[in-house]
Amino acid sequence: MADKEFSVGQVAKRCGVNVSALHFYEQKGLIRSLRNQGNQRRFKPDVLRRVSIIKAAQAMGISLEEIKSAFDALPNSRTPNKNDWEKLSATWQAKLTEKIQYMERLRDQISGCIGCGCLSMEACPLYNPDDELAEQGPGPVLLDPR
């Protein structure tokens, strides 16, 4: 199977993405294609794993920049193997846990004060006297994921 090559349409169908997504991923350096004699894109079988990892990571809220950085850190820009995936997924799992905790805080505080500094909510459970929260940064600091 190592010698097998797939057309862009075959990869798109197998991975459940649009052809335009594959072109975009290639433009961003996330995947690579070869060109045949007719100058048509051809992909090695490992691109199926790369695209699947991209889709899984995006579903977790991982940015394409973060995915690219993870891929670039692999020796010789190889496609992640089982050990690589374990490391990547552990890192991304930690990021996902942070996002879940942020969303839980957001859910629990959404109807109250968000720390924006407006000082207009008379019944704000987290009232911000004299805009003390301004020291933490601009905007709704109590909802800021940082």
Side-chain angles (χ1 to χ4, degrees), residues 1-118 121 124-128 131-146:
M1 180 144 164
D3 294 338
K4 185 169 177 72
E5 293 181 349
F6 296 99
S7 71
V8 68
Q10 290 171 316
V11 173
K13 183 177 180 180
R14 176 62 182 85
C15 293
V17 299
N18 293 324
V19 168
S20 60
L22 295 174
H23 292 191
F24 181 75
Y25 294 158
E26 187 174 15
Q27 177 188 6
K28 295 294 183 185
L30 294 163
I31 62 174
R32 288 186 304 255
S33 69
L34 307 169
R35 296 290 180 150
N36 66 10
Q37 289 180 335
N39 201 31
Q40 296 172 326
R41 283 181 173 87
R42 292 293 181 255
F43 294 93
K44 295 288 185 182
D46 69 333
V47 79
L48 300 174
R49 186 175 334 128
R50 274 188 171 256
V51 173
S52 296
I53 289 172
I54 292 166
K55 285 183 62 178
Q58 284 185 301
M60 289 184 267
I62 306 300
S63 73
L64 289 178
E65 283 182 13
E66 292 171 300
I67 298 166
K68 182 166 180 5
S69 292
F71 284 172
D72 288 348
L74 297 172
N76 301 317
S77 297
R78 73 169 185 249
T79 294
N81 60 28
K82 182 181 180 205
N83 290 334
D84 298 326
W85 172 245
E86 288 175 5
K87 291 174 188 171
L88 289 173
S89 62
T91 299
W92 292 340
Q93 184 178 33
K95 288 182 175 280
L96 188 55
T97 298
E98 288 175 18
K99 287 180 182 187
I100 290 168
Q101 290 170 345
Y102 167 70
M103 294 300 289
E104 287 174 343
R105 283 192 315 274
L106 180 63
R107 178 200 62 212
D108 295 344
Q109 296 176 357
I110 194 70
S111 63
C113 178
I114 59 175
C116 65
C118 74
M121 292 181 69
C124 181
L126 302 172
Y127 186 65
N128 181 16
D131 196 19
E132 293 171 1
L133 293 173
E135 295 173 14
Q136 294 182 28
V141 296
L142 295 178
L143 297 181
D144 193 337
R146 291 176 278 159

Intermediate values then yes/no, side chain to side chain contact (heavy atoms under 4.5 Å, CB included), Arg14 and Phe6: CA-CA 10 Å; Arg14 176 62 182 85; Phe6 296 99; over 6 Å; no
Grab the two heavy atoms, one from [X] and one from [Y], that are nearest each other, plus how far apart they are.
{"X": "Ala57", "Y": "Ile67", "answer": "CB-CD1, 3.6 Å"}
{"X": "Arg42", "Y": "Asn36", "answer": "NH2-ND2, 3.3 Å"}
{"X": "Leu22", "Y": "Ala12", "answer": "CD1-N, 3.5 Å"}

With side chains defined as the heavy atoms from C-beta onward, is the minimum distance between [X] and [Y] less than 4.5 Å?
{"X": "His23", "Y": "Gln27", "answer": "no"}
{"X": "Gln40", "Y": "Ser7", "answer": "no"}
{"X": "Phe24", "Y": "Leu30", "answer": "no"}
{"X": "Pro80", "Y": "Leu74", "answer": "yes"}
{"X": "Ile31", "Y": "Phe71", "answer": "no"}

Audit row: Leu48, Cys15, side chain to side chain contact (heavy atoms under 4.5 Å, CB included) steps and yes/no: CA-CA 7 Å; Leu48 300 174; Cys15 293; 3.7 Å; yes
For Glu65, all residues meeting side-chain contact (heavy atoms from CB on, under 4.5 Å), sequence neighbours excluded: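 Testing Glu65 for side-chain contact (heavy atoms from CB on, under 4.5 Å), a comparison that skips the adjacent residues, returns Ser63.
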For Lys13, side-chain contact (heavy atoms from CB on, under 4.5 Å) partners two or more places apart: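 Lys13 satisfies side-chain contact (heavy atoms from CB on, under 4.5 Å) with no residue once adjacent residues are dropped.
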Would you please name every residue forming a salt bridge (Lys or Arg N to Asp or Glu O under 4.0 Å) with [X], sequence neighbours left out?
{"X": "Lys99", "value": "none"}
{"X": "Arg41", "value": "Glu26"}
{"X": "Lys28", "value": "none"}
{"X": "Arg78", "value": "Asp84"}

CA sep, side-chain torsions, deciding dist, call: Ile62, Ile54, side chain to side chain contact (heavy atoms under 4.5 Å, CB included): CA-CA 9 Å; Ile62 306 300; Ile54 292 166; over 6 Å; no
Flag, side chain of Asn18 to backbone of Ala21, donor-acceptor distance under 3.5 Å: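 Checked: no pair found.
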Met103 CE: over 12 foreign heavy atoms closer than 6.0 Å: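 No, CE of Met103 has 12 or fewer neighbouring heavy atoms, counting only those of other groups under 6.0 Å.
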Phe43 and Leu34: CA distance, side-chain angles, deciding distance, side chain to side chain contact (heavy atoms under 4.5 Å, CB included) verdict: CA-CA 6 Å; Phe43 294 93; Leu34 307 169; over 6 Å; no
Please enumerate all residues that pass side-chain hydrogen bond (donor to acceptor under 3.5 Å, both in side chains) together with [X], with sequence neighbours excluded.
{"X": "Asn83", "answer": "none"}
{"X": "Asp46", "answer": "Thr79"}
{"X": "Lys87", "answer": "none"}

Pairs touching residues 52-61 that satisfy side chain to side chain donor-acceptor pair (under 3.5 Å), sequence neighbours left out: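 Applying side chain to side chain donor-acceptor pair (under 3.5 Å) to every pair that reaches into residues 52-61, excluding sequence neighbours, yields Tyr25-Gln58.
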Any pair counted as side chain to side chain donor-acceptor pair (under 3.5 Å), so long as it reaches residues 88-97, sequence neighbours left out: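 Every side chain to side chain donor-acceptor pair (under 3.5 Å) pair that includes a residue of residues 88-97, provided the two are not neighbours, is Glu66-Lys95.
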